[in-house]
Asks: 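Structure provided below as structure tokens; questions to follow.
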Amino acid sequence: MTAASPLDTTLINDTVDAANRLRAGQLVAFPTETVYGLGANALDPIAVARIFEAKNRPDFDPLIVHLADFEQLDTVTRRVPDVARALADQFWPGPLTMVLPKSDAVPDLVTSGLDGVGVRIPRHDIARQLLRAADCPVAAPSANPFGGVSPTTAVHVLQGLSGRIDAVLDGGPCPVGVESTVVSLMNDKPVVLRLGGLPLEALEEVTGPIEVACANPEKDDAAQPAPGMLSRHYAPGASIVPIEADAVIQSAGPRTALLTWGTALAEGEYLAVERLSRSDDLQECAANFFAALRSLDAANPDVIIARRFPDHGLGRTLNDRLQRASG
Ligand code: TXA
Ligand code: MG
């Protein structure tokens, strides 16, 4: 790919301006309840191609299509199974992405040539205003360079993509803080492809016990059971060492940083410490997680020791992100 000349990335506050830009084929980052997305008109293949270029994203990793309301689902899908309707009733708008049989209107580039399209109706007010005003489905991956830490503020987006995208719509910090849960409904049995902001237990109240597809470390990134299921992802520059929640936290030397939560004590010296929640509030931990990783990374430690989370609800999602950030 040839290097495009740098763009003048503008920080904006007006959803109508942002919507007009999307309709004109521009790339606009926008807030959702999970993380900031890098949006383009999903039905415009040239705009969608620019997303892959701006992020340096491999074309085998498909994009989620964001919708304003349930009625738009007919444009991008050709069949909506009953279980998908039940899940939509319960969890949309919200941090749930469903992979459903795609319609011909969706360019193959959006789905990386797959027969399924990932769709989601976000809950964030500004995202909903934007999607309504744009009046088109909006393809949007997380608004970070490929493989990096997902952005939860407009400043994070600019740090990673300034000069590569047209605009960032500022909506303050994202309240959920981790990406959506992705569930495939392409076969009879639903399968979770990515743990996320909607806890598995909540999903299972509608679907019953559900399979969670796991990354296969023996295989290449392009040959994983689900696309985009990469072993190393969400990764800062420093190496991350997860430790068990009940283990003694011990510094590995003066160039150690610490990512922790709750009241656990830590022994030794640290270059930087981030405590995600003073209690054991997993929602608060998730909301602060990516920003904390960035700020620890900025201190340039040799290693980040990270206290694992209880393996339920959002804790399970956070443990997944820690594991992948540690590669
Ligand atoms: O919360 C989120 O999901 C955010 C906000 C912006 O909505 N988006 C996000 O997108 O995290 P991204 O591109 O960073 O991650 C999307 C992942 C892909 O890597 C892939 O694993 C899965 O969702 N996915 C998307 N479309 C798919 C499809 N058609 N089939 C299977 N998996 C798909
Ligand atoms: Mg991403």
Side-chain angles (χ1 to χ4, degrees), residues 28-40 42 48 51-52 54-67 76-77 91-103 106-124 126-128 130-131 137-152 156-157 160-161 169 171 174-187 190-198 212-215 221-222 224-235 286 290 317 320-321 324-325:
V28 181
F30 63 97
T32 80
E33 70 277 24
T34 59
V35 301
Y36 275 71
L38 177 56
V48 171
I51 291 182
F52 285 88
K55 281 188 56 117
N56 257 324
R57 182 175 174 114
D59 60 10
F60 58 76
D61 194 0
L63 306 179
I64 295 171
V65 173
H66 297 69
L67 308 175
V76 295
T77 59
F91 301 119
W92 278 354
L96 173 68
T97 295
M98 294 196 254
V99 179
L100 297 166
K102 84 184 251 313
S103 74
V106 179
D108 287 332
L109 191 55
V110 171
T111 62
S112 303
L114 297 168
D115 190 36
V117 59
V119 284
R120 150 167 135 80
I121 301 180
R123 185 167 68 205
H124 197 287
I126 294 174
R128 302 204 73 196
L130 172 67
L131 291 165
V138 173
S142 53
N144 52 282
F146 180 70
V149 176
S150 292
T152 53
H156 296 164
V157 177
L161 295 175
L169 178 60
C174 302
V176 173
V178 288
E179 303 83 351
S180 62
T181 301
V182 181
V183 58
S184 170
L185 301 164
M186 293 299 288
N187 299 304
V191 179
V192 171
L193 303 181
R194 179 178 71 181
L195 298 170
L198 180 71
V212 180
C214 295
D221 285 341
Q224 291 298 336
M229 192 178 262
L230 314 181
S231 39
R232 187 168 164 83
H233 207 162
Y234 314 108
F290 284 130
T317 301
D320 166 83
R321 298 299 187 271
R324 293 211 242 172

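Just so you know, these numbers come straight off a predicted model, no measurement behind them. Counting starts at 1 for both ligands and their atoms, following the listed order.
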Asks: Check ligand 1 against Leu193 and write out every atom of the ligand that is under 4.0 Å from a heavy-atom position of the residue.
Replies: 31 (C), 32 (N)
Asks: Does ligand 1 have a heavy atom under 4.0 Å from the side chain of His66, from its backbone, from both, or from neither?
Replies: side chain
Asks: Using a 4.0 Å cutoff against the non-hydrogen atoms of Leu63, which atoms of ligand 1 qualify?
Replies: 26 (N)
Asks: For Pro141, counting its heavy atoms only, list the atoms of ligand 1 lying under 4.0 Å from any of them.
Replies: 10 (O), 12 (P), 13 (O)
Asks: Considering the heavy atoms of Asp61, write down every atom of ligand 1 situated less than 4.0 Å from one of them.
Replies: 18 (C), 19 (O), 20 (C)
Asks: I'd like to check the side-chain contact (heavy atoms from CB on, under 4.5 Å) partners of Arg57; sequence neighbours left out, ordered by chain and number.
Replies: Phe52, Lys55, Asp61, Leu63, Pro141, Phe146
Asks: If we ignore angles and hydrogens, is there a donor and acceptor under 3.5 Å between the side chains of Glu179 and Ser142?
Replies: no
Asks: Heavy atoms only: which of Pro31, Gly118, Ser142, Gly39 is nearest to atom 14 (O) of ligand 1?
Replies: Ser142
Asks: Return the option from Val99, Val178, Val176, Ile64 holding the heavy atom at the smallest distance from atom 16 (C) of ligand 1.
Replies: Ile64
Asks: Relative to the heavy atoms of Arg120, which atoms of ligand 1 are at a distance of less than 4.0 Å?
Replies: 1 (O), 5 (C), 7 (O)
Asks: Using a strict threshold of under 4.0 Å (side-chain N to carboxylate O), is an ion pair present between Arg120 and Glu33?
Replies: yes
Asks: Go through ligand 1 atom by atom and flag the ones less than 4.0 Å from a non-hydrogen atom of Thr34.
Replies: 1 (O), 2 (C), 4 (C), 5 (C)
Asks: Using only atom types and a distance under 3.5 Å, with no angle test, would you say the side chain of Thr181 pairs donor to acceptor with the backbone of Gly196?
Replies: yes
Asks: Indicate whether any N or O donor in one side chain lies under 3.5 Å from an N or O acceptor in the other, for Arg194 and Thr317.
Replies: no
Asks: How many angstroms lie between atom CZ of Phe30 and atom CZ of Arg128, to the nearest 0.5 angstrom?
Replies: 12.5 Å
Asks: Does an N or O from Thr111, backbone or side chain, lie closer than 3.5 Å to an N or O of ligand 1?
Replies: no
Asks: Is the distance from the Mg ion (ligand 2) to some N, O or S atom of Ser142 under 2.8 Å?
Replies: yes
Asks: Out of Ala213, Gly37, Gly116, who gets a non-hydrogen atom closest to atom 6 (C) of ligand 1?
Replies: Gly37
Asks: State whether Asp108 and Lys102 are salt-bridged, where the test is any N-O pair (Lys NZ or Arg NE/NH1/NH2 against Asp/Glu carboxylate O) under 4.0 Å.
Replies: yes
Asks: Any side-chain donor paired with an acceptor under 3.5 Å for Thr34 and Arg123?
Replies: no
Asks: Does Arg57 reach ligand 1, in the sense of a heavy atom lying below 4.0 Å from it?
Replies: yes
Asks: Residues two or more places apart in sequence or in another chain: which of them pass side-chain contact (heavy atoms from CB on, under 4.5 Å) with Pro101?
Replies: Arg78, Arg79, Met186
